[in-house]
Colleague: 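Please find one structure pasted underneath; my questions will follow.
Just so you know, ligand 1 is whichever comes first in the structure, and atom 1 is the first atom listed for that ligand. Please read all numbers here as calculations on a predicted model, not as lab measurements.
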Amino acid sequence: MEGGIAPAPEAGTTTLPKPLVLIVEDEAALATMLRYNLEKQGFRVDEATDGQEALTRIAENTPDLVLLDWMLPVVSGIEVCRQIRRRPGTRDLPVIMVTARTEDQDAVRGLNTGADDYITKPFSMDALLARMRALLRRSNSVPAKGRLVFHDISMDLAMHRVQRGARAVHLGPTEFRLLEFLMQHPRRVFSREELLDAVWGPDIHVEPRTVDVHIRRLRKSINGPGELDIVRTVRAAGYALDTEPV
Ligand code: CA
């Protein structure tokens, strides 16, 4: 039984839109193979064959996820990724970098530029689909994005806006996802490893201390002067979103 990520069509008003994937790939045969398999798995597919076209497609019809080839004509994959992260409307758009084996070092650089994950050619469809599903779950693209509220903080997931009281809060992509995850589970304490799995994904190897760095950045942005620190550090356990004093 093949499991598609999208529900069956024609299921009435509760039917969720099929997730839209933008394939950015200059190898026509690979793009065709990806389109065929992704459509079979219940995705809608859009295509671009170079970096410039990718940016245009994203601006015209923002996908739920981008499969981004590293080596592209006109504008490189890394530059496309950088621009996706720079634009407010796509700052948190899930991006999977597709690289050739010889570009592995670059892929690591891609992650630093803001790609959420990467996969090395040749790859199996199963491996790709697992990564895509994990990312889509994390990014909350399925189901439709909504609003999260905790204490005096609100997150508009569709608009990528965070507010504390009347103040607009600007967060980097990782801090945004971190806050989103914590706001989905208020008051629950998560270890660094749990946060890494939930926010970065189980396939990405980063030091647990990285979590501390991003928590520090999150605190700096979300806690204005005189405002309550809503991130609780639980000694030897991890972090929680909480309004109770430590
Ligand atoms: Ca290529």
Side-chain angles (χ1 to χ4, degrees), residues 2 4-6 17-139 141-142 172-174 177 200-206:
E2 282 173 334
I5 188 164
K18 292 178 175 184
L20 177 64
V21 180
L22 175 63
I23 299 171
V24 188
E25 178 56 68
D26 58 325
E27 286 171 52
L30 181 55
T32 303
M33 186 278 285
L34 285 170
R35 174 189 278 276
Y36 172 79
N37 282 287
L38 292 178
E39 284 180 344
K40 211 167 71 174
Q41 292 291 326
F43 292 93
R44 286 178 300 137
V45 173
D46 198 1
E47 277 181 50
T49 54
D50 66 58
Q52 187 56 58
E53 193 188 354
L55 291 168
T56 307
R57 295 305 302 141
I58 289 165
E60 283 170 1
N61 190 13
T62 307
D64 296 297
L65 187 145
V66 181
L67 279 183
L68 184 58
D69 185 26
W70 181 267
M71 294 295 279
L72 285 171
V74 191
V75 178
S76 73
I78 197 166
E79 186 51 32
V80 172
C81 192
R82 209 173 269 142
Q83 298 217 22
I84 287 171
R85 291 292 171 254
R86 205 177 289 146
R87 294 174 186 183
T90 58
R91 202 166 278 162
D92 205 40
L93 177 59
V95 175
I96 298 180
M97 215 83 203
V98 181
T99 70
R101 205 171 285 285
T102 50
E103 298 155 10
D104 259 1
Q105 277 308 309
D106 292 338
V108 175
R109 222 152 47 88
L111 290 181
N112 290 334
T113 317
D116 297 281
D117 203 349
Y118 76 94
I119 193 159
T120 307
K121 292 178 191 174
F123 51 83
S124 75
M125 265 326 277
D126 283 349
L128 178 64
L129 284 164
R131 278 155 195 247
M132 289 175 63
R133 291 191 175 117
L135 254 185
L136 285 169
R137 264 197 305 276
R138 236 157 75 200
S139 80
S141 292
V142 184
T174 304
R177 286 201 299 269
W200 282 258
D203 301 326
I204 295 188
H205 297 288
V206 281

Colleague: Look up atom CG in L136 and atom CG in L65, then write down how far apart they are to the nearest 0.5 Å.
Modeller: 5.0 Å
Colleague: Return the set of residues passing side-chain hydrogen bond (donor to acceptor under 3.5 Å, both in side chains) with E47 (not counting sequence neighbours), or none when no residue passes.
Modeller: R35
Colleague: Of all the heavy-atom pairs spanning G77 and L68, show the shortest one and how long it is.
Modeller: O-CD2, 3.3 Å
Colleague: With D50, which residues qualify under side-chain hydrogen bond (donor to acceptor under 3.5 Å, both in side chains), at least two apart?
Modeller: none
Colleague: Are L129 and F43 close enough that some pair of their side-chain heavy atoms sits under 4.5 Å apart?
Modeller: yes
Colleague: Using 3.0 Å as the cut-off, count the protein N, O or S atoms closer than that to the Ca ion (ligand 1).
Modeller: 3
Colleague: By side chain to side chain contact (heavy atoms under 4.5 Å, CB included), which residues pair with Y36, not counting sequence neighbours?
Modeller: K40
